[in-house]
Amino acid sequence: MTLTAQERPPVPAPTGEEPAERGQTTIATRVVERIAARVVGECQDVGGAGSSLLGISLSSARQDGDAEVSARLHGQRAVSLTVRCSVPYPRSVRQATTQLRERLTDRVGELTGMTVRRVDITVTALTTTVGRRVQ
């Protein structure tokens with residue numbers, strides 16, 4: 001026998017505190033950074049950040065490496081992100097960074113419940129495919 005919604009008995013309320021009194025979920029800065037780094041890693045238009053000293057590249061940026069991401073929390077509801085990455089040549093840097101900024105804002109907001117206030121992106125290198133030559 002199947003009961004309709006009107007015939008089903010009401011579900012009892014959970015015993016204990018009301019939802020507003022139960023507490024809150026706190027997300028650590030490191031967790032937000034790891035989520036953002038994963039989102040950057042999912043983007044095919046950016047790659048890892050190369051090492052540099054005083055603005056001089058010490059090693060070539062690898063396309064398959066990890067981008068560097070840092071986060072700054074503004075209370076429990078907002079975050080600012082700073083990203084260092086590379087862009088493959090001849091991809092438009094403006095296009096790649098705009099798409100990355102939009103993706104980070106959407107996905108980090110969706111996954112953490114936080115508002116992404118700002119995304120600063122530094123492109124550390126333009127990478128090329130090994131073996132590719134311009135003739």
Side-chain angles (χ1 to χ4, degrees):
M1 171 193 256
T2 304
L3 298 176
T4 64
Q6 294 173 346
E7 297 171 334
R8 289 187 193 129
V11 178
T15 58
E17 302 169 350
E18 292 298 317
E21 298 171 359
R22 290 184 197 154
Q24 62 183 357
T25 301
T26 303
I27 300 176
T29 303
R30 183 71 184 132
V31 173
V32 176
E33 290 172 346
R34 296 189 118 207
I35 289 170
R38 178 64 66 120
V39 171
V40 173
E42 293 171 355
C43 295
Q44 296 176 356
D45 292 334
V46 296
S51 301
S52 66
L53 177 65
L54 300 173
I56 300 170
S57 179
L58 299 177
S59 65
S60 61
R62 293 185 356 223
Q63 187 64 20
D64 61 343
D66 293 333
E68 297 173 12
V69 179
S70 63
R72 183 169 164 243
L73 299 180
H74 307 282
Q76 294 295 317
R77 297 283 180 203
V79 64
S80 295
L81 301 171
T82 302
V83 179
R84 290 175 35 90
C85 62
S86 61
V87 174
Y89 180 82
R91 177 84 163 103
S92 165
V93 173
R94 178 180 292 179
Q95 246 180 359
T97 55
T98 298
Q99 288 176 353
L100 178 59
R101 187 173 287 110
E102 290 171 358
R103 180 140 175 91
L104 280 166
T105 300
D106 293 343
R107 290 293 289 154
V108 171
E110 178 183 331
L111 294 170
T112 64
M114 296 180 162
T115 301
V116 179
R117 284 188 182 174
R118 181 180 179 131
V119 179
D120 293 326
I121 301 173
T122 301
V123 176
T124 60
L126 296 177
T127 59
T128 59
T129 305
V130 176
R132 182 175 178 211
R133 297 178 63 154
V134 178
Q135 295 183 6

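One finds the CG atom of Leu100 at 13.0 Å from the CD atom of Gln95 (value rounded to the nearest 0.5 Å). Taking OG from Ser86 and CG from Leu126, the interatomic distance works out to 8.5 Å, rounded to the nearest 0.5 Å. In this structure, the separation between CD on Glu102 and OG1 on Thr97 is 10.0 Å, given to the nearest 0.5 Å. Note that CZ of Arg72 is 10.0 Å distant from CZ of Arg118, once rounded to the nearest 0.5 Å. Distance check: Thr98 OG1 to Asp45 CG gives 11.0 Å after rounding to the nearest 0.5 Å. Rounding to the nearest 0.5 angstrom, the gap separating the CD atom in Glu68 from the OG1 atom in Thr124 is 7.5 Å.
When each of Thr82, Leu81, Thr29 is checked for a side chain to side chain contact (heavy atoms under 4.5 Å, CB included) with Ser70, only Thr82 meets the rule.
The two residues Gly47 and Cys85 come nearest to each other via the heavy atoms O-CB, 3.2 Å. Here the closest non-hydrogen pair linking Gln76 and Ile27 is OE1-N, 4.1 Å. The two residues Met114 and Val32 come nearest to each other via the heavy atoms SD-CG2, 4.1 Å. Contact record, Val87 with Ala96: CG1-CB, 4.0 Å, taken as the closest heavy-atom pair.
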(message) Go through it in stages, so that I can follow the logic: the residues are Val79 and Thr112, the test is side chain to side chain contact (heavy atoms under 4.5 Å, CB included), and I'd like the CA-CA distance, side-chain angles, deciding distance and then a yes or no.
(response) CA-CA 10 Å; Val79 64; Thr112 64; 5.6 Å; no
(message) As a quick check of understanding, evaluate side chain to side chain contact (heavy atoms under 4.5 Å, CB included) for Leu104 and Val116, giving each step before the final call.
(response) CA-CA 8 Å; Leu104 280 166; Val116 179; 5.7 Å; no
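In this structure the side chain of Arg77 never reaches within 4.5 angstrom of the side chain of Thr115, judged on heavy atoms.
Using a 3.5 Å distance cut-off with no hydrogens or angles, the side chains of Arg103 and Gln99 do not pair a donor with an acceptor.
More than 12 heavy atoms of other residues, nucleotides or ligands lie within 6.0 Å of CZ in Arg91, so this atom counts as buried by the packing criterion.
In terms of modelled atom types and a separation under 3.5 Å, the side chain of Arg117 and the main chain of Ala78 share no donor-acceptor contact.
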